[in-house]
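Note on naming: letters A, B, ... go to the chains in the order of the sequence lines (proteins, then strands), and numbering restarts at 1 for each one.
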There are 2 protein chains.
Amino acid sequence: MPEPDLQFKSLDYSDPMVARILDAAEQCIHRFGIRRTSMGEVARVGKLSRGSIYRHFGDKRSLIEGVFRRRQQVFLDSAEASLEKESSLVDKLTRSVVLGRRDMREGLFASLAETEPETVAMMFLDPRFYQRSVSFWPPHIRLAQAQGEIRADLDEATIVDFIVRLAVSLVMFPHMGVALKTPREIQAYLQQIISRGLG
Amino acid sequence: MPEPDLQFKSLDYSDPMVARILDAAEQCIHRFGIRRTSMGEVARVGKLSRGSIYRHFGDKRSLIEGVFRRRQQVFLDSAEASLEKESSLVDKLTRSVVLGRRDMREGLFASLAETEPETVAMMFLDPRFYQRSVSFWPPHIRLAQAQGEIRADLDEATIVDFIVRLAVSLVMFPHMGVALKTPREIQAYLQQIISRGLG
DNA sequence: GACTGAACAATAATCAATTATTGTTTATTT
DNA sequence: AAATAAACAATAATTGATTATTGTTCAGTC
């Protein structure tokens, strides 16, 4: 994969045409998987021309990325709203793990895991997949520091790094020696680890 | 994948025939990848009959698993020896991450990542891949507890779970907000996280 | 008893021809 | 200016026929 497409970075999700294309593409991927989704089919489902798709997305790869980025943005927005109801960082992290697991089980990824499991696996192991998640946490961490929940003498980037690692690990592997299935189990585990480490 | 093959569990690596088959299979996988390695080719490379392979390993899948289990055993034995030279749990963990990363870069996985990257990805996301690692850590953790490095009031399984998650995460993702490339960087990060957590 | 090599049926993989898709361009329409 | 539909060359995917591989069995050898 080459460098990120700058055009793509400024994608306007509120543009009706863009939204229409992404909706159609998402429908197709949901049903057929990525490989078997053709630009022609996206055009048919979206009731627009193939040329229009190419005008808004340079190629198929860019369209696919657009779908997943939007999906992720929707997930993070929803997580943001959900986390507003949690008062501590541990609870927020717990919630985000629960939401992340549900997303893997019920959304586009679940469909794709059926049609193209190796594609999903490759995605999960691509560090770029987590970039957005990394930038999601700083405000929550600063708040926890301001509230005295976590210490303020530790580098913020280190904290973010650790939090995201925990979240990713718990979503990918519900069991790595200890079964962490229910929100309560996850919360208890995280409470122990985060508040004191092992020392 | 069905249940683990019990016959397989008691595989005798010291049996010359078994070793010969595994050596040949490993050579072939190294060169051709899993998919393109045929039992016939393994027989040719190992200078034995196909029938003999089937006598020791029920089918191709079992042979492939045998190769990877042995590989992992060799890695863990080597890691064990290497960790003897480290005095603290943090240093041991650091070392294991360094060794793990090297293994991914230089060994059978590196070859396989070239011929069948999606196979490697699927492997990494299979929880069974980490079972052996999980059972590797208890003695080291008990020692660290006995030495007072880590607290003794935390459930051992929880500690193991956490340690393995950290190791796996650091091997898979060298960067998740903070670049953790050199042993020193890794060690410093782990020291902070493990000794105090975030509290 | 363990290994070998051959044979066989079922299944998977490969191959070459054919078809579909991608990306691009153009002319037309809105 | 943006969208459409059509055409085209290059490339990728599909298809059905062919070949290879898998798993199994058997007879022979050491």
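For the pair R61(A) CZ and dT21(C) P, the computed distance is 21 Å after rounding to whole Å. Across the protein-nucleic acid pair, L48(B) atom CG and dC30(D) atom P stand 18 Å apart, rounded to whole Å. Atom CZ in R36(B) sits about 11 Å away from atom P in dA13(C), given to the nearest Å. The NZ-P distance, from K60(A) to dT24(C), rounds to 15 Å in whole Å. Rounded to a whole Å, the CD1 atom of I21(A) is 13 Å from the C1' atom of dT4(D). For the pair R35(A) CZ and dT11(D) P, the interatomic distance rounds to 20 Å; values are reported in whole Å. L63(A) has its CG atom 15 Å from the P atom of dT21(C), to the nearest Å. Per the geometry, CD1 belonging to I53(B) stands 15 Å off C1' belonging to dT24(D), to the nearest Å.
Taking the six-membered ring for Trp and thresholds of 30 and 60 degrees, F173(A) and Y130(B) have ring planes more than 60 degrees apart, a perpendicular arrangement. In this pair, F124(B) and F129(B) present their aromatic rings tilted. The plane angle is within the 30 to 60° band.
Around CZ of R142(A), the count of heavy atoms belonging to other residues, nucleotides or ligands within 6.0 Å exceeds 12.
Nearest-nucleotide mapping onto DNA chain C: of E41(A) and G51(A), the residue sitting toward the 5' end is E41(A).
For the pair R165(A) and D161(A), the salt-bridge criterion is met [side-chain N within less than 4.0 Å of a carboxylate O].
For H56(B), taking side-chain heavy atoms from C-beta onward, the closest of the listed nucleotides dT22(D), dT21(C), dC3(C) is dC3(C). For R55(B), taking side-chain heavy atoms from C-beta onward, the closest of the listed nucleotides dA2(C), dG23(D), dA5(D) is dA2(C).
Contact annotation: side chain of R50(B) to base of dG5(C), donor-acceptor pair absent below 3.5 Å.
Under 4.0 angstrom from either OP1 or OP2 of dA2(C) there lies no side-chain N or O belonging to S52(B).
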